[in-house]
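Here is the structure we will look at, set down as structure tokens.
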There are 2 protein chains.
Amino acid sequence: MPTETSLAARLLQGDKRALARAITLVENDDPRGWELVREVYPHTGRAAVLGLTGAPGAGKSTLISSLTKARRAQDREVAVLSIDPSSPFTKGALLGDRIRLSDHFLDPKVFIRSMANRGALGGLSEATLQAALLMDAAGKDDVFLETVGVGQAEIDIIDHADTVVLVLIPGGGDSIQALKAGVMEIPDIIVVNKADHPMTDTMVREVRSVLSLGEHEKGSWRVPIVKTEAYRDIGTDELIEQLDKHRAYIQAAGQLDERRSRNLRNEVLALTTGRLRRRLDAALEADAGFQELLDQVVRRQLDPASAATRVLERLDSGDLRAP
Amino acid sequence: MPTETSLAARLLQGDKRALARAITLVENDDPRGWELVREVYPHTGRAAVLGLTGAPGAGKSTLISSLTKARRAQDREVAVLSIDPSSPFTKGALLGDRIRLSDHFLDPKVFIRSMANRGALGGLSEATLQAALLMDAAGKDDVFLETVGVGQAEIDIIDHADTVVLVLIPGGGDSIQALKAGVMEIPDIIVVNKADHPMTDTMVREVRSVLSLGEHEKGSWRVPIVKTEAYRDIGTDELIEQLDKHRAYIQAAGQLDERRSRNLRNEVLALTTGRLRRRLDAALEADAGFQELLDQVVRRQLDPASAATRVLERLDSGDLRAP
């Protein structure tokens, strides 16, 4: 495929349009996208991948805009990938986010992209990693992955990152409650944004008390709490400093390699299982016997687990096989 | 297995200890648990299954305690299943929750149980359905599933419910933001708890504006907003009324059967895929070739998607097969 070879070549030279096209291919699950990732994969592993999560309205996009400015001042190239949730309600909010990043649209060394949820979060998680790999291959020094939400699924998506930042705001109580209840794992760095709010110090104290409960968990890395006012670039320098410190720490401790190995292993398993599931869906779609099984389950004649056993038996016997 | 047959018989008679033991079997993935669900499955489908979600601290347990009191006054039997997140931090919070429910511990017609996260949320989601089926078979009229968190994964767990209630509190901004951003699907009923808070009406207005955006989404069911002060049983009667209304609506519209069919279909697929994944894990664990593939991925010689393709090829050729 000579055309795609040249797409790979252009991507590796940092061509913005080639990168945009490559991500579209991956997002559409186009085989040429996967082929491209295969080709450029040996050139990945160099970028510092940062994941940011937090409730909508916490100011993540503004913070990313400020971080981008700071990294550009250090002459580093930046890519931003925003993971959009699937609802039709989002359009307004996300348009607003894009506007906050518009300062950087014309900078050829900054690449900004949002990616929509294509149904299952698992699928999106895979597409996220592929897109991050493409950005890495295109020579970006910093890749910012942004996701909206405060549940474990959102954390799973940014688990592809080397460093995870949770963005909180004073008064935004649910995220801190989720941390406290252990719904969410402790991130590497916590930002309290909109720190001009009168409740800021209360929030910082609360975060500190949650962290003190889990101090043994994170080994010797002490999770820093950074106060920012992102729209005025206040606190960004301290955040940059903490990001670099965390990176130096995980590199020295061998944790960067360990994290990446673990993430890559999970990725291979997730991709394999995902494909097995798609095969299964396709096989069952065309299979009248499966519909009959389901009808029995709905009529309470056959329980779901026994139905699953029968499906597996049919798969094993070769009665049911996807093309 | 005569012992387990009698366990099934005792369960069907509503024996509390038999139900507790049955759920433990399911939770431990004991084959006798699955066998038991198979046996009692024809006796399920009668209970009204209610799912409650919301951030920690929103007062879900207090609300469930109040709902339990109201349902008991109607002479209905109640089961409560709290899905606990996996963190070690949770213990304190959950102990507190149990205490709120302690009024009902001695009532033989009320069954209260919490279930811990066994790693993957998918696995927990399956165990949740099995436990709910057991409660249903034991003759509970109302099954309350409670989960902590405000992400999509938490909603997936309570998607086994016939009716989903989201519990918000005034000032707890993240959940409403998650709704607004479409991170979370619109539930069937929204409760604003702790309604003695001065910000209550602001919260109700915000919720109403989010709902007005999505009105076309839910068809002709208008999502009601119920204000409660659960610790004083205020608003509980109105909530009960709305719950019964919603149930009547989905029954009349044929949606109850539709929801249940869809959920059961997804359940069969999830169980099948889960078992395929466990087989895969076991096969790969014992396979030196897989470790070599992973090492190549970590050394950036082979990309994750190509590694997944090779794993599938090995599975298909029969080189790799779980016992």
Side-chain angles (χ1 to χ4, degrees), chain A residues 34 37-38 41-42 44-45 55-57 85-90 93 121 129-130 148-154 171-175 177-178 180-183 185 213-214 260-261 264-265 267-269 271-273 275-277 280-281 293-294 297-298 300-301 303-308 311-312, chain B residues 34 37-38 41-42 44-45 55-57 85-90 93 121 129-130 148-154 171-175 177-178 180-183 213-214 260-261 264-265 267-269 271-273 275-277 280-281 293-294 297-298 300-308 311-312:
Chain A
W34 299 95
V37 174
R38 195 188 61 70
Y41 187 66
T44 61
S86 57
S87 159
F89 302 160
T90 57
L121 283 168
L129 178 69
Q130 306 294 320
V148 170
V150 290
Q152 192 57 46
E154 291 71 34
D174 297 354
S175 300
Q177 293 293 343
K180 207 183 279 176
V183 176
E185 275 174 54
L213 289 171
R260 287 184 165 181
S261 294
L264 288 170
R265 180 182 205 280
E267 186 66 16
V268 172
L269 283 175
L271 284 164
T272 309
T273 313
R275 290 196 202 165
L276 282 173
R277 166 130 193 184
L280 187 66
D281 279 344
L293 277 181
L294 283 180
V297 172
V298 171
R300 308 272 160 178
Q301 291 162 345
D303 69 291
S306 301
V311 171
L312 280 175
Chain B
W34 298 96
V37 174
R38 195 187 61 71
Y41 187 67
T44 62
S86 59
S87 159
F89 302 161
T90 56
L121 283 169
L129 178 68
Q130 304 295 321
V148 170
V150 289
Q152 192 57 46
E154 290 71 35
D174 297 355
S175 300
Q177 293 293 342
K180 207 183 281 179
V183 175
L213 288 171
R260 286 183 166 181
S261 294
L264 288 170
R265 181 183 205 278
E267 186 64 17
V268 172
L269 282 175
L271 284 164
T272 309
T273 315
R275 290 196 201 163
L276 283 173
R277 166 131 195 185
L280 187 67
D281 278 344
L293 277 182
L294 282 181
V297 172
V298 171
R300 307 273 160 176
Q301 291 161 346
L302 181 72
D303 69 291
S306 301
V311 171
L312 280 176

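Letters go in sequence order (proteins before strands), and every chain restarts at 1.
In this structure, the separation between CG on B:L276 and CG on B:L269 is 10.5 Å, given to the nearest 0.5 Å. A distance of 10.0 Å separates CG of A:L129 from CG of B:D303, quoted to the nearest 0.5 Å.
Interface check for chain A: of the options B:V37, B:D281, B:T44, B:V298, the most heavy-atom pairs under 4.5 Å are formed by B:T44. Heavy-atom pairs under 4.5 Å with chain B peak, among A:Q130, A:R260, A:R275, at A:R275.
Listed for the B:Y41 side chain is a donor-acceptor partner under 3.5 Å among the backbone atoms of A:V297.
Only the side chain of A:L294 comes within contact range of chain B, with heavy atoms under 4.5 Å apart. In this structure, the portion of B:L302 lying under 4.5 Å from any heavy atom of chain A is its backbone and not its side chain. Heavy atoms of A:R38 lying under 4.5 Å from chain B belong to its backbone as well as its side chain.
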Mind running side-chain contact (heavy atoms from CB on, under 4.5 Å) on B:L293 and A:V268 for me, showing each step along the way? CA-CA 10 Å; B:L293 277 182; A:V268 172; over 6 Å; no

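Using a 4.5 Å heavy-atom threshold, the side chains of B:L271 and B:E267 count as touching.
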